[in-house]
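Quick notes on the structure that follows.
No hydrogens, no waters, no symmetry mates; every other heavy atom, side chains included, goes into these values.
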Amino acid sequence: MASGLRAAGPEDPLRAVSQGEAAAGAAPVRAVVAAPRPVRGRAGREAARRRLQPPGAPAAERPGKAAEAEPEAAAAVRPAAAGPEEEARPLPAVCASPLRGMWRAEKVALYCDAVLLGCQAEDVDEAMSKYLSGKLAQKEKWLGVWKTNPELFFVQFEEASLPFVGILVEVTCRPRQSSSPCFKVAVSVAEPFSSNIANIPREAVDEVLAELAQSVPLLEVYPVEGQDAAVGDIALALEVVRFFYDFLWRDWDEEEGCENYTALIEERINLCCDMEDGTIPGPIAQRFRKTLEKYKSKRAELIEYQGSIKDDPSAAEAVECWKKYYEIVMLCGLLKTWEDLRLRVHGPFFPRILRRRKGKRDLGKTITHIVAKVMTTEMVKGLSSDTLLQQHGDLDVALDSCYSGDTVVIFPGEYQAANLALLTEDIVIRGVGKREEILITSEPSHDSFVVSKADNVKLMHLSLIQQGTVDGIVVVESGHLTLENCVLKCEGTGVCVLTGAALTVTDSEITGAQGAGVELYPGSTAILERNEIHHCNNLRTSDSSKSTLGGVNMKVLPAPKLKMTNNHIYGNNGYGVSILQPTEQFIIVEEALSKGAASGDNKDDNTLSKVMQNLNLEMNNNKIEANLKGDIRIVTS
């Protein structure tokens, strides 16, 4: 892992510039493993580019015009050196990440009890260095793959298809050099010459290593499989340190302090595990990771910008420095908010319902809003003669014009409406025609799709297509929402009913949710009749086997009220119905519960009836089948 300069503290973002610390002497920035290495200065960049130019290229073409004239794929990038080439052999396999197979309790024990040992944030570097040094002392020489930034070797490459250049090297461990875990190790090219780039010249590799004095950052080296147990311990130690600085450490930890730092690390480990096993829906986890990467990138940009300023900064440079700094502060605040809320409270980004309730119009009049590009008399022939009509070509405008009691009638077509996330009036939104022909898609730039906070909202004969939004396809924050004869094609989480809210879903289809198709928070109410809930919990995680979410998920204490009649729940990757209780308040006989669900919700079984009564759960004539983990289960957290 490359080291760089730590950005100035929040008290003065220009401190590093004014004191000249950008040139040398500041503490290292912890970069992400695959992030670009810090630049070694303009002279170093120019030398690297000259080395990598094709022979005979005129100076005017270096490097921009040459790159524009010959765009090439990553597989075809030209190495710098010419002459006889020895084709590199494929790289051997590196040790698999031992952390992937650990349970969260094992990870907590490893970091909190074995590595950090109760230290505070300011002592983390020392603890990590001591931990690494102890493992490295077991073996002086071993083989590893050095993974470095392609910019050291290539002028032009596709970052997505060439994330790193890997070289097989022999590592010689030196004695501990400092309190930082980012110390370096001596390396030499191992035989046989091996790389992930078949045509990379051996001479180019030797030249780069010579420039680096045969020394590379330890965290850029990955031990090769098939060596002795000591090397396996080293591989685990390196992975422990990488994971810590990539996902558990925050740059503000030292600045803010914490009485029990290991407890904070435990919370972050739980957060990472929740994202891995699908407890936190995939799209929300992805958004969090992107924000964290953006924060790190912006911080590195600020450091590089500070380093480019000579002497005292000009007014323009000072303004630019402050702009970059405050962008970092905003990202930092957002990350803190997400971590505090554990990413799972619906609305972890910003409050969504900011609109005041209008109530009814003066004199109690109601209007039917027609949403269609052109309105004809045929469209309104079924309406009474005293109906007040307004025609809109845009669904957003129609929703914005609504007062309580109004009806929005939507004719076939495809629509988008940000105002669906701001439903505060008691209205009916009804499609005319086949529900498959009235398509309402979400706006990918928004976090929410349909959010209801009114006493009574009805959505009828519609297809809701979620694209890009990360919150639930429908979130009932308060009041009562009715979905009738609708199709919900989810991409993020499914239908979420928050505490105190109520939902009725009839004759509808819910599919594709990243978590549960319907998720009931404690103290909520739901009635589900004649619905299909299928192929939910489509989690794209490395360990989806731990997830229990599926068709319907209930979170109890206080228990939600759920009535399910004549539903078909099938093909979900978790359970058909999962009930999450945070304590062992109920003594559950799971075999009896499963038997009752499989036999058509047999309520004659005394144990099953008692369980359902305690949970306010009423199930009649539901068909729950072909769910990956089973039909119904109560899970204690």
- Heavy atoms, side chains only, cut-off 4.5 Å: are M128 and L116 in contact? yes
- Query: Are N537 and N572 close enough that a side-chain donor and a side-chain acceptor fall under 3.5 Å?
  - Reply: no
- Does the side chain of F154 reach to within under 4.5 Å of the side chain of I197, using non-hydrogen atoms? yes
- When you measure from the side chain of S133 to the backbone N and O of Y131, does any donor-acceptor pair fall under 3.5 Å? no
- Would you please name every residue forming a side chain to side chain contact (heavy atoms under 4.5 Å, CB included) with V187, sequence neighbours left out? V169, V171, V185, L209, V216
- Indicate yes or no: does R242 engage E239 in a salt bridge with an N to O separation below 4.0 Å. yes
- Message: For a 4.5 angstrom cut-off between non-hydrogen side-chain atoms, does Y245 reach D125?
- Response: yes
- Message: Test salt bridge (Lys or Arg N to Asp or Glu O under 4.0 Å) on E170 and K139; report intermediate values, then the result.
- Response: CA-CA 12 Å; E170 183 180 54; K139 187 82 171 180; over 6 Å; no
- Query: Is the Lys NZ or Arg CZ of R289 less than 6.0 Å from the centre of F247's six-membered ring, within 45° of the axis?
  - Reply: no
- State, without any angle test, whether W146 and E220 hold a side-chain donor-acceptor pair at a distance under 3.5 Å. yes
- Any side-chain heavy-atom pair of E267 and I269 under 4.5 Å: no
- Pairing of K324 and E327 as salt bridge, 4.0 angstrom limit: no
- Kindly indicate whether the side chain of C173, heavy atoms from C-beta on, has any atom under 4.5 Å from the side chain of W142. yes
- Message: Could you tell me if K107 sits above the aromatic ring of F243, with its cationic atom closer than 6.0 Å to the ring centre and no more than 45 degrees from the axis?
- Response: yes
- Could you tell me whether D253 and R268 have a side-chain N and a carboxylate O separated by less than 4.0 Å? yes
- Do C272 and L248 come close enough that some side-chain heavy atom pair is under 4.5 Å? yes
- Please examine the side chains of R299 and Y295, heavy atoms only from C-beta on, and report whether any two atoms are closer than 4.5 Å. yes
- side chain to side chain contact (heavy atoms under 4.5 Å, CB included) assessment of Q138 paired with D233: CA-CA 9 Å; Q138 300 179 29; D233 289 344; 3.3 Å; yes
- Query: Taking side chain as C-beta onward, heavy atoms only, is K184 less than 4.5 Å from L218?
  - Reply: no
